[in-house]
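Structure, as structure tokens:
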Amino acid sequence: MSKNVELKNTLNLPRTDFPMKADLPRREPEILAWWGRSNAYHGIRGARKGCPPFVLHDGPPYANGNIHLGQALNKILKDFVVKSRSMMGKDAAYVPGWDCHGLPIEHRVDKELGEAKAGMAPLEVRERCRKYAEHFIAVQREEFRRLGVLWDHRLDEEEERKGAPSRRAIYRTIDRTYEAEIVRQLGRFFEKGGAYFGEKPVHWCTSCRTALAEAEVEYRDRKDLSVYVRFPVRGLEQRVPALAGRRVSVVAWTTTPWTLPANLAVCLHPELQYVAVEEGGETYIVAEGLLPAVASALGWSGTTIAAAFRGRELVGEGKEWIGARAPLDRPYPAPSGPASGPGVLILGTHVTLDAGTGCVHTAPGHGAEDFHVGRLYGIPPFNPVGDDGRFLAERVGAPWLAGAFVLDANEPIVRDLEARGLLLRREEVAHTYPHCWRCKNPVIFRSTPQWFLSMEASGLREKAVAEIRRSSWLPAFGEERIAQMVATRPDWCISRQRTWGVPIPLVVCGACFPGAPDAFVRDRAFFEHLRKLFLAEGSDAWFGAPAAGGTVRPYAGREERLARLVPAGVTCPRCGKRDRLEFQEHIVDVWFESGVSHSAVLGRDASLPWPADLYLEGHDQYRGWFHSSLLVAVNDRESAPYRGVLTHGFTLDGEGKKMSKSLGNAISPIDVAEKRGAEILRLWVSQVDFLEDMRLSDEILDRNAEAYRKIRNTFRYLLGNLDGFDAARDSVPYPEMEEIDRWALHQLEALRRRILSAYEGHQYHVVYHALHNFCGVTLSSFYLDVLKDRLYTASRRSPARRSAQTVLYRLAADLARLMAPVLCFTADEVWQEIEALHGRPKWGEATVHAALFPEPLAVPDDPALLERWDGLLRIREVVSKALEGARAAKRIGGSLEAKVRIEAPEETVAFLRTFGDEVRFLFLTSGVEFGPAGEDALRSEAIEGMRVEVLRADGEKCGRCWSYTTDVGRDAALAEVCSRCAAVVREIAGLREPA
RNA sequence: GGGCCUAUAGCUCAGUUGGUGAGAGCGCACGCCUGAUAAGCGUGAGGUCGGUAGUUCAAAUCUACCUAGGCCCA
């Protein structure tokens, strides 16, 4: 054995089982398994039993497909919230949810079934959809779990195994308890008179044959046939004498010629200027501001203006309407109703000069604004189009249109107009047009019988806005955003003509309805009866009765259905009879379903109270879940379901572009977890400011993996130097510590405060930056680097070394907890090592997540200490620069080969002298002396009058501590080492000190 | 087309009510160490604060417009 090895054996080098290589893809699943085995969720909740509850109520992702990055981000953020609130001393339950009903799943099932679906009973289709949803809940459950998101996994597995129809560990909108709550909440609207039946143009997908919510419509570019059409008008001379004796037409422009058969009016703006121009013997009326554009489009030249007037002057505001005949001439019929007769000219403020002619073709059955303006004039919507998008023979005036698909009817309609001399121009236009989010086909506006929830009937709008004001919104602009939406949104169309959803219990009287549109059942007893029925059997009870083997068979007939669904005594509110009651088949908008979640999930026990403390979703949910949940809660309880709402931005690629599968720039969170580890993804979530949109790319993941390694290595070093340290036995009291150790404790305390307040305010990126900076700068490059000499060379049990270890222990134990919500796996790895230091088994019962955040350190305020060390660090920077100069000049290699001579103002020298001999260790040099510096000394820019010269260290290198000293070999028995080391070696070897 | 939001070094973030030459960490380059070693340390180079025009003695910070991007609507 060589001398060097022997000397090395007298050092206290780091030793730990905590590996440098994280191997996260392998290790994380092991830790997950341990959390499962040890029932960590229960351990955590148990540790907080009786503590004030904190409820983050989970917004349910849709149970379709693998999770994407945005969902991963959302759930990881929620996990940060839940874990950090728990460590703050709150009993933080977490019940994740899934949104299971709706079109996307029904579509997938439709595709799988193909032709077979046509012959299938609703119950069969629903069963397929349920299986589909359950499959993807299982997929997503594992994926979220893999990311470290914690909930009651054990109970979840148990309920899943049993196939429980309702769950407690998670919630599903297909749970019976949930469906029962949906019916109850519908009843709350119906019984208050907030629900009504009406005709309304809605986005209608002719392929899916259903009304679509705004959220189900997406806008894409499309080419269509656009036309300029003239509407001959008579009687205008009564208003504008200059038009007497002329053949006058108003000119309108439309990109949907197929809606012309439903035209009932032409709309002008009351305040805009219009002109009547002469062209080829005809007189045309268009908005003055659009005349150049129209003239150019129609090839007019040298037109003369016959008259000019405002819309108001031409149309008048009374009921003596001016007839505007055009497409309304034969073969199209005139509708009956208050505005029966030929089409008319009307006024509307929605008319703009953005495009067209300023005279707007108006079909109240096919447009939202048309509908509204029609209502003002008492013109009811007229819709000649069936639910398959084909003209209805009994309604459309032209027999040759009957059965034609609307989008294919443009051409024949235009040809017909042309033949009758009404067409002024046709052209292709590219424009954005609504499409079905699911089948991607263009959708149409079509007035249909639907069910609505009124925003006004019971003051819902007003109360909802007031509740928005009472809630807290982060970021702050969210409050205005949702308040504006609620203030201006139309009534809520809740009916959908599909199969996979919760039925709206609609029972109308065949005798009275729809002549009397309020002739439908809305008794409280009826909804209560259905609630109980759904609770017992699920919403399938609407379609059939329980049969053998837990299946459901369709009702034999109306009588059986009536007997089961409508309690005795419930009758038509109009005629009081029961014998004509009929069932309507509508399911409820899925936004209503998810809007019920707060009531279905919260309030069932004291640790899960209603309302929630926090909702946390992407900022698209102002229009979605925050909104629907608010309306349901306000209607039911006159209160918002949340105290606070936090939103995050969207995940974008490295260039700030939207991620999408088709662009090929999407990053799969599970891929990241499997290749790099969930911790890397979690670290990314923690480092970005999630209030804004966030970018992710491979480069960014690389950066995070590097940051992770830095943090991990810092822990490895802390733990390595705690080998054999027993905090209870070996800790050194604060007053007896080395000064730099006391300084380090103050740094830790400052960090603790900073991180805790960051958690409090959901500023996880502050947690990250503070932690990472602390590990890299405060610890690794300074404190731990300086400490090496003491930790390695001082005697194992010496007070000096114990003083350092006392701090290292605090650092490890506190930092592990401070980072636990973010690096949830690694924190537990560290925690297990700390358990071992206490003589307890690793991977026993204790998870770091059941611990509380560190208490404030009992360190006295000492601003002088901090200022003193700030000063030292500034000087150390100058010394480092000087050393680097010497290194570059090849005069030294390692800094221990050097001593520095410092020339500085008296006060600076005096300051440095207060550190005594310690100062050479702080500079990592073998010596520091004061006095005039030589020619090539480095002049400090920061400190006036300071110069630092680097010289070769005096003496020889000690074979043990590697410092250069003049006393190496003074102890003849230990010729290789300095006196300082000699004393330690003698102590270890049990040798007496030399005389 | 409308409303709201965002734009500081390669990356992620700081930049208090406009006021000394714009900061940090990481990355990068160069070098050191080989007793944290697929680690550790040091030094250095990187930004006309998205662009333009204003307000002001003074703007990354205020105003207008433009560009790029995001969300929600039409």
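Letters go in sequence order (proteins before strands), and every chain restarts at 1. Any value given below was found using the heavy atoms of this structure, including those in side chains, with hydrogens, waters and symmetry copies removed. Here the structure is a predicted model, which means the values were calculated and not measured.
Trp962(A) pairs by the side chain to side chain donor-acceptor pair (under 3.5 Å) definition with nothing, not counting sequence neighbours. Listed by chain and residue number, nothing satisfies the side chain to side chain donor-acceptor pair (under 3.5 Å) test with Glu877(A) (two or more places apart in sequence, or in another chain). Qualifying ring-ring contact (aromatic ring centres under 6.0 Å, His included) partners for Tyr809(A), counting only residues two or more places apart in sequence or in other chains: His838(A). Remark: Lys710(A) engages Ser780(A) in a side chain to side chain donor-acceptor pair (under 3.5 Å) (not counting sequence neighbours). Listed by chain and residue number, Phe650(A) satisfy the ring-ring contact (aromatic ring centres under 6.0 Å, His included) test with His619(A) (two or more places apart in sequence, or in another chain). Applying the side chain to side chain donor-acceptor pair (under 3.5 Å) criterion to Arg874(A), with sequence neighbours excluded, gives no partner residue.
For rG31(B), the OP1/OP2 oxygens have no side-chain nitrogen or oxygen of Lys890(A) closer than 4.0 Å.
Within the structure, the salt bridge (Lys or Arg N to Asp or Glu O under 4.0 Å) test picks out no pair touching residues 761-778 of chain A (sequence neighbours left out).
On the P atoms, rC41(B) is 24 Å away from rG23(B), given to the nearest whole Å. Distance noted for atom P between rC57(B) and rC71(B): 43 Å (whole Å). Using C1' as the reference atom, rG40(B) and rU34(B) are 9 Å apart when rounded to the nearest Å. A distance of about 34 Å separates the C1' atoms of rA59(B) and rA29(B), rounded to the whole Å. A distance of about 27 Å separates the P atoms of rC33(B) and rA24(B), rounded to the whole Å. Taking the C1' atoms as reference points, rU52(B) lies 16 Å from rA60(B), given to the whole Å. Remark: the separation of the P atoms in rA22(B) and rG46(B) is 14 Å, to the nearest Å. Remark: the separation of the P atoms in rA14(B) and rA58(B) is 30 Å, to the nearest Å.
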Name the atoms and distances for all side-chain donor-acceptor pairs under 3.5 Å in residues 479-487 of chain A, with sequence neighbours left out.
unit_1: Glu479(A); atom_1: OE2; unit_2: Arg469(A); atom_2: NH1; d: 3.0
unit_1: Glu480(A); atom_1: OE2; unit_2: Arg469(A); atom_2: NH1; d: 2.8

Contacts under 3.5 angstrom, residues 680-691 of chain A side chains, donor-acceptor by atom type, not counting sequence neighbours:
unit_1: Arg682(A); atom_1: NE; unit_2: Val822(A); atom_2: O; d: 2.7
unit_1: Arg682(A); atom_1: NH1; unit_2: Asp79(A); atom_2: OD2; d: 3.1
unit_1: Arg682(A); atom_1: NH1; unit_2: Leu147(A); atom_2: O; d: 2.9
unit_1: Arg682(A); atom_1: NH2; unit_2: Asp79(A); atom_2: OD2; d: 2.7
unit_1: Arg682(A); atom_1: NH2; unit_2: Pro821(A); atom_2: O; d: 2.9
unit_1: Trp684(A); atom_1: NE1; unit_2: Arg695(A); atom_2: O; d: 3.1
unit_1: Ser686(A); atom_1: OG; unit_2: Leu683(A); atom_2: O; d: 2.7
unit_1: Asp689(A); atom_1: OD1; unit_2: Leu691(A); atom_2: N; d: 3.3

A correct dot-bracket answer for RNA chain B, with pairs being Watson-Crick or G-U at under 3.5 Å, [ ] for crossing pairs and | for inter-strand pairs, is (((((((..((((.....[...)))).(((((.......))))).....(((((..]....)))))))))))).
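Between Glu706(A) and Arg703(A) a salt bridge is recorded (basic side-chain N to carboxylate O distance below 4.0 Å).
For His627(A) and rC71(B), the NE2 to C1' distance is 16 Å, given to the nearest whole Å. In this structure, His648(A) places its NE2 atom 17 Å from P of rG70(B), rounding to the nearest Å. Rounding to whole angstrom units, CD of residue Glu897(A) and P of rC33(B) are separated by 7 Å. Atoms CH2 (Trp253(A)) and P (rG1(B)) sit 13 Å apart, rounded to a whole Å.
Across all strands, Gly720(A) comes closer than 4.0 Å to no nucleic acid atom at all (heavy-atom distances). Among the atoms of the strands shown, none is found under 4.0 Å from any heavy atom of Arg489(A). At the heavy-atom level, Val766(A) lies nowhere under 4.0 Å from the strands shown.
Ser697(A) contributes no side-chain N or O that, together with a main-chain N or O of Gly654(A), makes up a donor-acceptor pair within less than 3.5 Å. Proximity of a side-chain donor or acceptor of Trp473(A) to a complementary backbone N or O of Ile468(A) within less than 3.5 Å is detected. The closest donor-acceptor contact from the side chain of Arg960(A) to the backbone of Glu976(A) lies at 3.5 Å or more, if one exists at all.
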Nucleic acid footprint by protein, nucleotides 2-12 of chain B - heavy-atom cut-off 4.0 Å, B for base, S for sugar-phosphate alone: -BSSS---BSB
Under 4.0 Å protein heavy-atom contacts per nucleotide of nucleotides 37-45 of chain B, with B for base, S for backbone only and - for none: SSSSSBSS-
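Place Ser895(A) and Glu655(A) on RNA chain B by their nearest nucleotides, and Ser895(A) ends up nearer the 5' end. When the nearest nucleotides of RNA chain B are assigned to Leu652(A) and Met694(A) by heavy-atom distance, the more 5′-ward of the two goes with Met694(A).
Residue ring and base: Trp962(A) counts as stacked with rG35(B) (centre distance below 5.5 Å, interplanar angle below 30°).
Distance from the side chain of His619(A) is smallest to rC71(B) among rG25(B), rC71(B), rG35(B).
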